[in-house]
Visitor: 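Sending over a structure as structure tokens; questions will come in a sec.
First listed ligand is number 1; within each ligand, the first listed atom is number 1.
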Amino acid sequence: MSVSGHLSAESKLDWWRSAAIYQVYIRSFADGDGDGIGDLAGVRSKLGYLADLGIDAIWFSPWYPSPMDDGGYDVSDFRGIEPVFGTLADAEATIAEAHALGLRVIIDIVPNHCSDEHRWFQAALAAGPGSPERERFWFRPGRGPDGDEPPNNWPSRFGGSAWTRITEPDGTPGEWFLHLYSSRQPDFNWENAEIRAEFEDILRFWFDRGVDGFRIDVADGLVKDPALPDIALTGDESAYSDQDGLHDIYRSWRKIADSYPGNRILVAEMWLPDMSRAAQYLRKDELNSAFNFDFLVCPWDAARFRDVIEKTLEAHAAVGAPAAWVLSNHDVTRPVTRYGRPGDTGFAFADRLHGTPVDRALGTRRARAAALLAMSLPGGLYTYQGEELGLWEIEDIPSELRQDPVWERTKHVDPGRDGCRVPLPWSGSSSPFGFSPAGAETDPWLPQPAVWSEYTAEAEAANPGSVLELYRAGLKIRAEEPALGDGELAWRGDDDGVLSFTRDPGFACVVNFSVKPVSLPDHEEVLLASGSLVHGLLPPNTAVWLRLR
Ligand code: GLC
Ligand code: MG
């Protein structure tokens, strides 16, 4: 079965080196059946919108059956579709329709863990200590005289311990299992050959159905030090992150991807401290690309941005891989909010600055400028749904409606990620803003603010000054300009507070991070600006693209 034929035949082999990829978080994108939750029928109704936006591919966050403890990153069956989203036939139709519009499709794969409702975890609970079923996970006896202390001191990335104790089938307090995320997300044991074979088969299952690639969730975490040693709690994750054994796994995955026609790709999600180590995963027989999170977390400062960009390009050039620039995703505070915090110090999970004052007008100006910067850097680009509407983080979601497990696991210290997952506004003047069909009886699964009436896709499409129109114009130029996408850049000077670079042939981008207007280099034409120029000068918090003479 191959539904991707027409794309693979004509298209550029290295499409992914320059691609603009749009992330769809299905639950919050568009609701076709009116139950208040986004679904594949909703996605299919908006494929035209995505094609008009000027992107090359869609990345779908997990669409598998899931109890939704972690928004679908807790998968109970890797070969199916969550019934709330639709059916396998709906997914196949989505892929085919996207392809017909010239859009490629990347899906999420979650190999580090599954849901506690996955049949293998249920079998492990039932089978008891020492069984082959338990060997698929990390089950260990506890420490202390009664075994009531966790086997080691690893913390969950969602707060609390990374271990949970189970009750054995005979009713006695039993072993503990490892979960780097919530206690409903048991980690697979990748030392076990069965796990390796299973995931290779899952890759084939979806490649056979025409997907063009995978975004690999927690790509750094699959392999653990099998001794499960205590760690120094200084942020050093080396016992369960970036272990050398990962490279072999990804080499075998790359062979599978390359055995399919049409340049299928593998993209890593990894938040690693050392960019040169991260780049090792992008050697030519491993993964195609990896998100650049250093760029995402960078505070609004010219020198800091320049440093991140230089280091990124250098580390990627060393292995011949393109960079992949990201400003937002379903895990982080939206850029308008991040950049609108006074004294912006960049983004860190430990310090979301949730609820502190935001200058939204300033944040929007900066987010617009950052978008033009990201679109014009060498390599690929990821845009998270709603970023193109200039949406901001919704920070006043009532506590009882919060769904992210981070909120409970941190004992209400970290509000979690619901604020960037509020269902999108499409049209109309009141909630559900076209997210659900007219007359739907169920409200969107998270409440939408009333002021979003001015931020619907419909309202923004009619407004030339909107963020949507900036994204459309920028992505269109990006697709047509030979200078943009994959390639190189050359810095122009190093004025304080200004980032300025050229790309051949004949293109320049200037971003003003300073507090004063700055003059522009000699140019033939202004291609696009994130805000109006004033007497030919570039105002603060603004970016411009120029055609050079
Ligand atoms: C990744 C996902 C995040 C999820 C976590 C556990 O970081 O992006 O949403 O919670 O993995 O699967
Ligand atoms: Mg629905």
Visitor: Kindly indicate whether a cation-pi arrangement holds for R134 with F139, taking the cut-offs as under 6.0 Å to the six-membered ring centre and within 45° of the axis.
Guide: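 The answer is yes; both the distance and angle limits are met.
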Visitor: Taking both backbone and side-chain atoms into account, decide whether I37 has an N/O/S atom under 2.8 Å from the Mg ion (ligand 2).
Guide: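 Looking at I37, which is the residue asked about, there is an N, O or S atom under 2.8 Å from the Mg ion (ligand 2).
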Visitor: Quick check: of its N, O or S atoms, which one does D33 have closest to the Mg ion (ligand 2)?
Guide: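 Considering only N, O and S atoms, D33 comes nearest to the Mg ion (ligand 2) through OD1.
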Visitor: Numbering the atoms of ligand 1 from 1, which are under 4.0 Å from a heavy atom of H113?
Guide: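 Answer, ordered by atom number: 6 (C), 12 (O).
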Visitor: Under 6.0 Å from the ring centre and within 45 degrees of the ring axis: does the NZ or CZ of R209 meet both conditions for the six-membered ring of F205?
Guide: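 Checked: cation-pi criterion met.
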Visitor: Closest by any non-hydrogen atom to atom 3 (C) of ligand 1: pick that one out of V110, V332, D331.
Guide: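 Result: the heavy atom closest to atom 3 (C) of ligand 1 is in D331.
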Visitor: Is there a donor-acceptor pair under 3.5 Å between the side chain of D90 and the backbone N or O of T87?
Guide: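 Side chain of D90 to backbone of T87, a donor-acceptor pair under 3.5 Å: yes, one is there.
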Visitor: Considering both backbone and side-chain atoms of R215, is one of its nitrogen or oxygen atoms within less than 3.5 Å of a nitrogen or oxygen in ligand 1?
Guide: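 For ligand 1, there is an N or O atom that lies under 3.5 Å from one belonging to R215.
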Visitor: What do you reckon, does Q23 put a non-hydrogen atom under 4.0 Å from ligand 1?
Guide: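 No, that is not the case, since the closest heavy atom of the residue is not under 4.0 Å from the ligand.
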Visitor: Using the benzene-type ring in the case of Trp, are the ring centres of W63 and W206 under 6.0 Å apart?
Guide: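 Here the rings of W206 and W63 have centres that are less than 6.0 Å from each other.
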Visitor: Give a yes/no on ligand 1: does R157 have at least one heavy atom closer than 4.0 angstrom to it?
Guide: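 Contact check R157 vs ligand 1: negative.
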Visitor: With a 3.5 Å distance limit and no angle check, can you tell me whether S436 reaches the backbone of A440 through a side-chain donor-acceptor pair?
Guide: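 Checking the backbone N and O of A440 against the side chain of S436, no donor-acceptor pair under 3.5 Å is found.
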Visitor: Would you check, one step at a time, whether the test ring-ring contact (aromatic ring centres under 6.0 Å, His included) holds for W120 with F137?
Guide: CA-CA 9 Å; W120 278 2; F137 300 91; 7.6 Å; no
Visitor: Step through the shown structure and confirm whether more than 12 heavy atoms of other residues, nucleotides or ligands are within 6.0 Å of CZ on R283.
Guide: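 Yes, the 6.0 Å shell around CZ holds more than 12 heavy atoms from other groups.
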Visitor: Near R417, which atoms of ligand 1 are under 4.0 Å from a heavy atom of that residue?
Guide: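 Within the 4.0 Å cut-off of R417, ligand 1 contributes 3 (C), 4 (C), 9 (O), 10 (O).
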Visitor: Nearest protein heavy-atom contact for atom 2 (C) of ligand 1: which residue, which atom, what distance?
Guide: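 The answer is D217 OD1, 3.0 Å.
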Visitor: Please evaluate residues R184 and E408 with respect to the criterion salt bridge (charged side-chain N to carboxylate O under 4.0 Å, His left out), reporting the C-alpha separation (whole Å), side-chain torsions for both, the decisive distance (0.1 Å), and the verdict.
Guide: CA-CA 13 Å; R184 301 203 54 192; E408 289 302 331; over 6 Å; no
Visitor: Write the atom name of the N, O or S atom in D35 that is nearest the Mg ion (ligand 2).
Guide: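 Atom name returned: OD1.
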Visitor: Of all the heavy-atom pairs spanning V358 and T337, show the shortest one and how long it is.
Guide: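 Of all heavy-atom pairs spanning V358 and T337, the closest is CG2-CG2, 3.8 Å.
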Visitor: Under a 4.0 angstrom heavy-atom cut-off, which atoms of ligand 1 come close to H330?
Guide: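 Taking each heavy atom of H330 in turn, ligand 1 has 2 (C), 3 (C), 8 (O), 9 (O) under 4.0 Å.
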Visitor: Looking at the rings of H247 and Y281, which for Trp means the six-membered one, are their centres under 6.0 Å apart?
Guide: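 Judged by ring-centre distance (under 6.0 Å), H247 and Y281 do meet the cut-off.
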Visitor: Tell me which N, O or S atom of D39 sits nearest to the Mg ion (ligand 2).
Guide: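 In D39, the N, O or S atom with the shortest distance to the Mg ion (ligand 2) is OD2.
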Visitor: So which of V218, D70, N112 gets nearest to atom 4 (C) of ligand 1, if we judge by its closest heavy atom?
Guide: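 The option holding the nearest heavy atom is D70.
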Visitor: Where does H179 meet ligand 1, judged by heavy-atom distances below 4.0 Å: at the side chain, the backbone, both, or neither?
Guide: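 Contact part for H179 vs ligand 1: neither.
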Visitor: In D31, what N, O or S atom is nearest to the Mg ion (ligand 2), if we give its atom name?
Guide: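 Output for this pair reads OD1.
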Visitor: Under 4.0 angstrom from ligand 1, any heavy atom of F158?
Guide: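 Checking ligand 1 against F158, which is what was asked, there is a heavy-atom contact under 4.0 Å.
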Visitor: Would you mind telling me which of D331, D220, D70 makes a salt bridge (Lys or Arg N to Asp or Glu O under 4.0 Å) with R157?
Guide: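 It is D220; the other options fail the test.
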Visitor: For atom 7 (O) of ligand 1, find the nearest protein heavy atom and state the residue, atom name and distance (0.1 Å precision).
Guide: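 The closest one turns out to be E269 OE2, 2.7 Å.
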Visitor: When you measure from atom 5 (C) of ligand 1 to every protein heavy atom, which one gives the shortest distance, and what is it?
Guide: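 Minimum-distance protein heavy atom for atom 5 (C) of ligand 1 reads Y181 CE2, 3.8 Å.
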